[in-house]
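Report on one structure; see the data block that follows.
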Amino acid sequence: MALILNIDTATTVGSVSLSRDGQAIQTLVNEKQQDHAAAMILFVQQILKDQGISAQELDAVAVSAGPGSYTGLRVGVATAKGLCYAWNKPLLAISTLQMMAQGLLAEVKDATAWYCPMLDARRQEVFMALYDAQLQEVMAPQAMILEPHLLEASLAEKKIYFFGDGSPKWEVMLSSPRNAIFAKYVINAAHMAPLSAQAFEKKQFVDLAYFSPFYLKPFFSPPKP
């Protein structure tokens, strides 16, 4: 019976969602990535005010911990850590890709398929993972260079949903569309609610001092001309 504040800033869309027992109660969304740092705190204040609860009534704070935008992840994790320090609450770190899979699974409710969230990692690379309908990893999160025959063996035997802002690059490159379904999806912290509730029940808390986002690959800054 957990009351959890869920924060996601892993992509261009940022959001905060309050959930109780794995169900989202209220969610606020910011679509301007450059405003995430300021918007998240304002959203937290607004949601607590709207719901008439105090910070001390919260059981935990959960954050979408990556992969995703380097800057976005730092903003979300720093915000979540700061709130946990100030409120003396535990921190839960939820995989961004698993959160996305949870969101689409709840929408399409296809228990026969696998789910492949893809986040754009620039050039022909994506952050991706593969999950079954129980959200168990078929392929662990990784940075993958796209090529036409990627996942060819899996697609030969299983229907797979591809979604996220990296999936359009894959759709135009895919050698054979058999069993590939490209779905529209908008990331939202509310999709974290069932996962953060499960993590809280299992007491899967992370260390506030040492936890850092799941970047999956080093930050690259192109040289200035």
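Keep in mind that the numbers below use all heavy atoms, side chains included, and drop hydrogens, waters and symmetry copies. We're numbering straight along the sequence, starting at 1.
A pairwise comparison of heavy atoms in Q51 and Q26 identifies NE2-OE1, 2.7 Å as the closest pair. Between A80 and V63, the closest heavy-atom pair is CB-CB, 3.8 Å. The heavy-atom pair separating G14 from H36 by the smallest distance is N-CE1, 3.1 Å. The nearest pair of heavy atoms linking Y185 to L104 is CE1-N, 3.9 Å. Closest of all the heavy-atom pairs between K158 and T112 is CE-O, 3.1 Å. Between L130 and I160, the shortest heavy-atom distance links the atoms CD1-CG2, 3.9 Å.
Counted within 6.0 Å of CD on Q204, heavy atoms from surrounding residues, nucleotides or ligands total more than 12; the atom is thus considered enclosed. Heavy-atom contacts from other residues, nucleotides or ligands closer than 6.0 Å to CD of E147 number more than 12. When the shell of 6.0 Å around CG of D207 is examined, it contains more than 12 heavy atoms from other residues, nucleotides or ligands. Dense packing is recorded around CD of E57, with more than 12 heavy atoms of other residues, nucleotides or ligands lying under 6.0 Å away.
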Candidate pair R74 and Y215, rule side-chain contact (heavy atoms from CB on, under 4.5 Å), full reasoning: CA-CA 10 Å; R74 285 195 294 269; Y215 293 120; 3.0 Å; yes

Full working for ring-ring contact (aromatic ring centres under 6.0 Å, His included) between F182 and F163: CA-CA 6 Å; F182 288 85; F163 55 101; over 10 Å; no

Residue pair N30, V13: steps toward the side-chain contact (heavy atoms from CB on, under 4.5 Å) verdict: CA-CA 6 Å; N30 173 60; V13 178; over 6 Å; no

Check against side-chain contact (heavy atoms from CB on, under 4.5 Å), C116 and M128: CA-CA 7 Å; C116 186; M128 62 180 285; 3.5 Å; yes

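With K81 contributing its side chain and F211 its backbone, the two residues share a donor-acceptor pair below 3.5 Å. A donor-acceptor pair under 3.5 Å is formed between the side chain of D132 and the backbone N or O of Q136. Side-chain atoms of Q142 never come within 3.5 Å of backbone atoms of M144 as a donor-acceptor pair (strictly under, hydrogens ignored). Side chain of N179 to backbone of L155: a donor-acceptor contact under 3.5 angstrom is found. In this structure a side-chain-to-backbone donor-acceptor pair under 3.5 Å is missing from N188 to H191. Side chain of D21 to backbone of Q23: no donor-acceptor contact under 3.5 angstrom is found. Side chain of Q98 to main chain of L135: a donor-acceptor pair is present (N/O by atom type, distance under 3.5 Å, no hydrogens or angles). Distance alone, capped at 3.5 Å, places no donor-acceptor pair between the R20 side chain and the I25 backbone. In this structure a side-chain-to-backbone donor-acceptor pair under 3.5 Å is present from K109 to A106.
The shortest distance between side-chain heavy atoms of L58 and I4 does not fall below 4.5 Å. Between V16 and I47, some side-chain heavy-atom pair lies under the 4.5 Å cut-off. F162 is not listed as a side-chain neighbour of I181, based on a closest heavy-atom distance of 4.5 Å or more. Residues P67 and L97 have side chains in contact (heavy-atom distance under 4.5 Å, counting atoms from C-beta outward). No side-chain heavy atom of T27 sits under 4.5 Å from any side-chain heavy atom of F43. Residues M173 and Q124 have side chains in contact (heavy-atom distance under 4.5 Å, counting atoms from C-beta outward). With contacts defined as side-chain heavy-atom distances shorter than 4.5 Å, the pair L216/P141 qualifies. Side-chain contact check for Y131 versus E137: some heavy-atom pair is nearer than 4.5 Å.
Distance check: E31 CD to S15 OG gives 10.0 Å after rounding to the nearest 0.5 Å. Between the CD1 atom of I7 and the CG atom of L83 there is a distance of 5.0 Å, given to the nearest 0.5 Å. Note that OG of S167 and CG of L174 are 11.5 Å apart. Values are rounded to the nearest 0.5 Å. Note that CE of M118 and CD of E125 are 12.0 Å apart. Values are rounded to the nearest 0.5 Å. Here the CZ atom belonging to F127 is positioned 9.0 Å from the OG atom belonging to S69, to the nearest 0.5 angstrom. Annotation: the span from I187 atom CD1 to T9 atom OG1 amounts to 9.5 Å, rounded to 0.5 Å.
By the criterion of side-chain heavy atoms lying less than 4.5 angstrom apart, applied directly or through intervening Ile, Leu, Val, Met, Phe, Trp or Tyr residues, M192 is not grouped with L3; the two fall into different hydrophobic clusters. Criterion: ILVMFWY side-chain heavy atoms under 4.5 Å apart, direct or through other members. Under it, L42 and V29 are not part of a common hydrophobic cluster. If you chain together hydrophobic residues whose side chains sit under 4.5 Å apart, L92 and Y85 never meet in one group. Connection of V75 to V44 is not established within any shared hydrophobic cluster, with ILVMFWY side chains joined at heavy-atom distances below 4.5 Å, either directly or through further cluster members. Residues I53 and V61 share a hydrophobic cluster, clusters being chains of Ile/Leu/Val/Met/Phe/Trp/Tyr side chains in contact below 4.5 Å.
Taking the six-membered ring where the residue is Trp, Y115 and Y161 present parallel rings, their angle staying beneath 30° rather than reaching 60°.
A side-chain donor-acceptor contact under 3.5 Å links T96 and S64. Between N6 and S196, the side chains place a donor N or O and an acceptor N or O closer than 3.5 Å (distance only, hydrogens not considered).
Checked for salt-bridge contact, K89 and D59 miss the test: no charged N lies under 4.0 Å from a carboxylate O.
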